[in-house]
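The structure appears right after this line, and notes come after that.
What you see is a predicted model, and the numbers here were worked out from it, not measured in a lab.
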Amino acid sequence: MKTSVTCKKAIDLISKKEEGKITLWQRFQLWKHFAECSLCKLFNIQNKTIVDALPYIQHDISEPLSAEEKKEIVDNSIHTK
């Protein structure tokens, strides 16, 4: 059974992981890939930050976020790490 995955496959697994749709075997493959690829590991961290911030983003994108809302997003993303 193949344990290594390409960066393209790792990106796909990262997206599926955020949706809770990967198997234990795929998690292992992703973990192994992160040990070898710092760029995909960084992408995973950035992707998680974005996903964690989504609930705090306004639905109406025509109105900019206030300074307080921006601070809350940053604070929440820092404290969840």
Side-chain angles (χ1 to χ4, degrees):
M1 199 174 246
K2 184 177 176 183
T3 60
S4 61
V5 294
T6 64
C7 290
K8 185 175 181 178
K9 178 67 175 177
I11 298 301
D12 183 46
L13 289 175
I14 289 167
S15 296
K16 287 181 179 180
K17 180 177 67 98
E18 290 301 329
E19 298 169 7
K21 296 181 179 178
I22 66 172
T23 65
L24 185 58
W25 177 248
Q26 289 170 322
R27 283 184 183 272
F28 172 74
Q29 289 177 310
L30 198 51
W31 172 81
K32 186 172 185 242
H33 185 81
F34 289 158
E36 301 167 354
C37 181
S38 60
L39 292 177
C40 286
K41 187 175 181 178
L42 178 61
F43 176 81
N44 182 55
I45 292 166
Q46 291 173 337
N47 189 62
K48 180 155 178 37
T49 301
I50 291 168
V51 168
D52 290 346
L54 285 176
Y56 303 100
I57 297 174
Q58 295 176 342
H59 294 284
D60 183 4
I61 60 172
S62 64
E63 295 181 29
L65 293 172
S66 70
E68 293 160 358
E69 290 168 322
K70 290 177 187 177
K71 183 179 181 323
E72 183 180 353
I73 290 170
V74 170
D75 289 346
N76 286 327
S77 66
I78 291 171
H79 297 297
T80 59
K81 302 261 180 282

Residues in salt bridge (charged side-chain N to carboxylate O under 4.0 Å, His left out) contact with E68, at least two apart in sequence or another chain: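 Partners of E68 by the salt bridge (charged side-chain N to carboxylate O under 4.0 Å, His left out) criterion come out as none, since no residue qualifies.
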
Name all residues meeting the salt bridge (charged side-chain N to carboxylate O under 4.0 Å, His left out) criterion together with K8; count only those two or more places apart in sequence or in a different chain, and write none if there are none.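 So K8 forms no salt bridge (charged side-chain N to carboxylate O under 4.0 Å, His left out) with any residue.
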
Can you list, pair by pair, the side-chain donor-acceptor contacts under 3.5 Å of residues 34-47, counting residues two or more places apart and other chains?
from, atom 1, to, atom 2, distance (Å)
N44, OD1, K17, NZ, 3.2

Contacts of K9 meeting side chain to side chain donor-acceptor pair (under 3.5 Å) (sequence neighbours excluded), chain-then-number -> none

Can you measure from CD (E18) to CG (D52) and round to the nearest 0.5 angstrom? 7.0 Å

Just how far is it from atom CG of L24 to atom CD of Q29, taken to the nearest 0.5 Å?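 That separation rounds to 10.5 Å.
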
Only one of I14, T6, L13, V5 forms a side chain to side chain contact (heavy atoms under 4.5 Å, CB included) with H33, so which one is it? V5

